[in-house]
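Numbering of ligands and ligand atoms starts at 1, following listing order. Keep in mind it's a predicted model, so treat the numbers as computed, not measured.
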Amino acid sequence: MSSSISPAKKRAKTEPDNMGETLANGKTSPWFGDQPLEQNDPDIYNIILKEKDRQRRGLELIASENFASKAVLEALGSCLNNKYSEGYPGTRYYGGTKYIDELELLCQKRALEAFGLSPDKWGVNVQPYSGSPANFAIYTALVEPHGRIMGLDLPDGGHLSHGFMTDKRKVSATSIFFESMPYKVDPKSGLINYEQLQVNAKLFHPKLIIAGISCYSRNLDYAKLREIADENNALLLADMAHVSGLVSAGLVANPFEHCDLVSSTTHKTLRGPRAGIIFFRKGVRKVLKDGKEEMYNLEKPINEAVFPGLQGGPHNHAIAGVAVALKQAMQPEFKTYASEVIANARVMAKCLMDRGYDIVTGGTDTHLLLLDLRSKNLDGNRADKVLEEISIACNKNTCPGDKSALRPSGLRFGTPALTSRNLKAEDFEKVVDFIDRGIAIALEIKAASGPLLKEFMATMATEEYQKKLAALRDEVEAFATKFPLPGKDVL
Ligand code: DSN
C-alpha cells in the first residue's frame, strides 16, 4: 500500500462499513453508522436540500448572515462533534483530549493573531457557544447580581443581550438579572447620543458599558466610550459581533485600542461557524496616583464563567470551524472581501438614496444600512413580506424615533453574504433595482387593501398580485443563481 495514504484512509480500506451488512464473523454491523443522510433520514435530507436551494435561488441580505466556506462546513461536520472535553487545555475533566487541546490552543493563537493582539496583553476564550452566551458569561463574571450595565437600546440598534426591556417587560435575561439603563441615538441624526450617555452614566454609575450594535451603520467612537467608562470607573466591553471580520481586516474602528473586553460571534462578517469568542485584557490596568500598578483580573473570572459557570463541554467541531475561519481571515483575499463588503453596502445606500429613499445617518461605514420607509408611507412589516415573496431575504427593523418595536419603519440590509457569492458593485445596483420594484408592488398592494396587516396579506395573496410577484421572483432567481454559493458541494 502506498505510504502517501493517511492512516485513516488505510483503515477505511480494510475496515467494513457500518451500514448494517453482515460481517465476516457473522455479526451485523450497527445499522446507522455509515449510511448517507439521504438514505438514513430522507425527511431531514430533503429539508436540507430545500434550504440549500432557497439559499442558492435567493438574495440573502440579512446583515448578520454569511456563507461559511466548504472548509469551515467540513470542520463543523467532523468527528470533533463526538468529543467531550469540559475544562481547558491541560486541565480537562475527560480523557482522550490530547488532540482537542492541540485544537483549542491553535484556535486561541489564531484568534489573537487575526486581530493583531499580543498574548502578553490579551487572552481569549474560544468556548462560548455563541454571542449571547458570551455576553452573559462576561456579565456574570464581572458584574454582581443586579449590578448596573449600559448598552445601546435595541430599538436604537443595540442587541437583545445588552439588556433589552420594555415598559411592560424585562425581555432579555440581562435585564432580569442585572440592572440595565440603555443609551439612545439622536432621533434626527440617527447617531449615538454620546453626550446624553455621559450625563446618564454619571447618574447611573454603571459597572460595565457595552459598545456594540446589531443595527447601527457607523463606526463607534470607542475613545469617547473609554472616556465615559473611565469617568465612572466602569469596564468597557465591545461586542463586535457584526463587524469582527471588518475589524480583523483593519477597515473599521478598532475596539481593541480602547476596550477592556471584546466579545464576538464568529459567523457574521468573520464568515465562520455559529460560535462565540471572548477577548480580555491582561497585565497592567492602570497606574495609580501612588505609582502602584493596578492589574487586570479578567482571565480567571471570564474562564470560570464560561466553564463551569454557564456551559458544559465546548463544541469542539465549532472551535475547529472558528480556527479555520480565523486562518482564512488572515489571508490577503479576506481583506479584499471585507473591503468589498463595505464598498457594496455604500453602493446600496447610494443607489437607494438616488432613487429617493431615506437611509438612516445618510450612509454607512460598515456592512449594513438601514432603510427608513416612513417617507414612502410604508412600514418594515409590509415591505419585508413582499421582498420575501420575491426571494429577497432581509429583516424589518426599527428606525430612530419609532414608538414600537412591533411596528418597525425600516428594513435592515447587509452585504456580507452576497459579497461572499462574489457580487460586485454593479450587481448590487441590480439588487437595489429589484428591491425598488418590490417596494413599488408593496405600495400598490397597500393602496388596494385595508389598513390592517392581515388585509394587506390577503390582497397580496390574490391572483393579480401573486402573478406580479412571481414574475419579479423569476427575475430575481435567474439573477441570483448566476452566483455560486460558497460550500456548494457540502449539504
Ligand atoms: N440576530 C443577530 C442579528 O441579526 O443582528 C444578532 O445576534
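Those atoms of ligand 1 with a heavy atom of H242 less than 4.0 angstrom away are 3 (C), 5 (O). Near S214, the atoms of ligand 1 lying under 4.0 angstrom from a non-hydrogen atom of the residue are 5 (O). Of all the atoms in ligand 1, the ones that sit under 4.0 Å from a non-hydrogen atom of S64 are 2 (C), 3 (C), 4 (O), 5 (O). Every atom of ligand 1 with a heavy atom of R412 under 4.0 Å away is listed here by number and element: 3 (C), 4 (O), 5 (O).
The CD1 atom of I62 lies 13.0 Å from the CG atom of L368; values are rounded to the nearest 0.5 Å.
Note that R148 lies in the cation-pi zone of F204, set by a 6.0 Å cut-off to the ring centre and a 45° limit from the axis.
Protein heavy atom closest to atom 7 (O) of ligand 1, with residue, atom name and distance, is H159 NE2, 2.8 Å.
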Checking salt bridge (Lys or Arg N to Asp or Glu O under 4.0 Å) for the pair D384/R412: CA distance, chi angles, key distance, verdict? CA-CA 10 Å; D384 177 50; R412 183 184 69 161; over 6 Å; no
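The proximity of K268 to ligand 1, defined as any non-hydrogen pair under 4.0 Å, is limited to the side chain.
Between the side chain of S175 and the main chain of S180, no donor-acceptor pair closer than 3.5 Å is present.
Aromatic ring pairs are classed by plane angle as parallel below 30°, tilted from 30° to 60° and perpendicular above 60°; the pair Y139 and F136 is perpendicular.
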